[in-house]
Amino acid sequence: MNEDIKAKALDTQLLLDYQKDSVVSREIIKKELGTVTVFAFDQGQGLSEHSAPFDAMVQIIDGEAEITISGEKHTVKKGEMIIMPANEPHALQAENSPYKMILTMIKSD
């Protein structure tokens, strides 16, 4: 989908399926200045603490995520979003339910 983007409405629920005991992702847009990626986390799965040199926005499109940013835990539910500031350590976990999210990374100086 990255090479030849066409104007088209996409059902975010159908972009990616859950897989048992896994975290799966699908890159929707990849450009020099940023990316948009859809993730599906099965319950109990997550991404360990890390940081990125760019601001990122996570939008939950199904379920509920536990997102820790600089040691502070946030519960983010379907229909909500959170900003993860550049260079701040963060982790994501599917504690209570599987969830799907859209990650938008903006690369800038």
Side-chain angles (χ1 to χ4, degrees):
M1 188 175 287
N2 290 328
E3 299 303 319
D4 202 16
I5 296 176
K6 305 264 190 263
K8 177 181 170 182
L10 300 172
D11 185 334
T12 57
Q13 294 301 310
L14 301 177
L15 290 174
L16 200 59
D17 292 324
Y18 292 109
Q19 292 184 19
K20 184 169 176 50
D21 300 324
S22 297
V23 176
V24 291
S25 66
R26 178 179 175 191
E27 197 168 65
I28 303 300
I29 298 173
K30 182 178 182 178
K31 298 288 182 180
E32 185 177 334
L33 295 177
T35 59
V36 176
T37 307
V38 179
F39 286 84
F41 291 74
D42 194 17
Q43 187 169 354
Q45 300 300 305
L47 297 177
S48 60
E49 187 175 74
H50 62 283
S51 63
F54 312 109
D55 291 330
M57 181 185 74
V58 169
Q59 178 184 5
I60 305 301
I61 57 175
D62 188 42
E64 174 182 297
E66 182 179 282
I67 300 176
T68 304
I69 302 171
S70 296
E72 184 179 345
K73 290 186 180 187
H74 304 269
T75 300
V76 188
K77 299 176 183 176
K78 180 180 178 177
E80 297 179 338
M81 65 177 148
I82 192 166
I83 304 297
M84 298 186 302
N87 303 310
E88 295 290 326
H90 54 271
L92 300 93
Q93 187 68 33
E95 286 288 332
N96 301 316
S97 69
Y99 72 91
K100 292 180 183 179
M101 69 179 215
I102 299 172
L103 173 67
T104 304
M105 294 267 297
I106 305 298
K107 299 177 181 180
S108 64
D109 295 333

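Only a predicted model underlies this, so the values are computations on that prediction, with no experimental measurement involved.
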message: Among Asp11, Leu10, Leu16, Asp17, exactly one meets side-chain contact (heavy atoms from CB on, under 4.5 Å) together with Gln13. Which residue is that?
response: Asp11
- request: Check whether Met101 and Ile83 end up in the same hydrophobic cluster, where Ile, Leu, Val, Met, Phe, Trp and Tyr are linked by side-chain heavy atoms less than 4.5 Å apart.
  value: no
statement: In this structure, CD of Glu95 is separated from CD of Gln45 (nearest 0.5 Å) by 11.0 Å
task: Look at Glu32 together with Lys107 and state whether they make a salt bridge at an N to O cut-off of under 4.0 Å.
output: no
- line: Note: Ser48 and Ala91 closest approach over all heavy atoms is C-CB, 4.0 Å
query: Heavy-atom distance under 4.5 Å between the side chains of Ile106 and Phe54, does that happen here?
result: no
- request: Would you mind reporting whether Phe39 and Val23 have side-chain heavy atoms less than 4.5 Å apart?
  value: yes
task: Take Glu64 and Lys78, measure what salt bridge (charged side-chain N to carboxylate O under 4.0 Å, His left out) needs, and give me the verdict at the end.
output: CA-CA 6 Å; Glu64 174 182 297; Lys78 180 180 178 177; over 6 Å; no
task: I would like to know whether Met105 and Val36 meet side chain to side chain contact (heavy atoms under 4.5 Å, CB included); could you show each step before the answer?
output: CA-CA 7 Å; Met105 294 267 297; Val36 176; over 6 Å; no
- request: Drop me the distance from Leu103's CG to Met81's CE, to the nearest 0.5 angstrom.
  value: 13.5 Å
- prompt: Given side chains that start at C-beta, do those of Val38 and Ser25 come closer than 4.5 Å, heavy atoms only?
  reply: no
message: Under a 3.5 Å distance rule, please check whether Asp55 uses its side chain to pair with a backbone N or O of Ala86 as donor and acceptor.
response: yes
- prompt: Taking all atoms of both residues into account, what is the closest heavy-atom pair of Gly63 and Ser97, and its distance?
  reply: CA-OG, 3.8 Å
- request: Check whether any side-chain heavy atom of Tyr18 lies under 4.5 Å from a side-chain heavy atom of Lys100, and answer yes or no.
  value: yes
query: Considering only heavy atoms from C-beta outward, does the side chain of Asp42 approach that of Ser22 to under 4.5 Å?
result: no
query: To the nearest 0.5 Å, what is the distance between NZ (Lys73) and CD (Glu66)?
result: 4.5 Å
message: Would a single hydrophobic cluster contain both Leu47 and Ile67, if residues Ile, Leu, Val, Met, Phe, Trp and Tyr are joined by side-chain heavy-atom contacts under 4.5 Å?
response: yes
field: Full working for side chain to side chain contact (heavy atoms under 4.5 Å, CB included) between Gln93 and Phe41
entry: CA-CA 8 Å; Gln93 187 68 33; Phe41 291 74; over 6 Å; no
query: Does some side-chain heavy atom of Val58 sit less than 4.5 Å from a side-chain heavy atom of Val76?
result: no
Test applied, side-chain contact (heavy atoms from CB on, under 4.5 Å); reference residue, His90; option that passes from Thr68, Ile69, Ile82: Ile69
- line: From the list Gln19, Gln43, Lys20, side-chain contact (heavy atoms from CB on, under 4.5 Å) partner of Pro98 resolves to Gln43
- request: State, yes or no, whether a side-chain contact exists between Thr12 and Ile102 at a heavy-atom distance under 4.5 Å.
  value: yes
- request: Compare all side-chain heavy atoms of Tyr99 with those of Asp62 and state whether any distance is below 4.5 angstrom.
  value: no
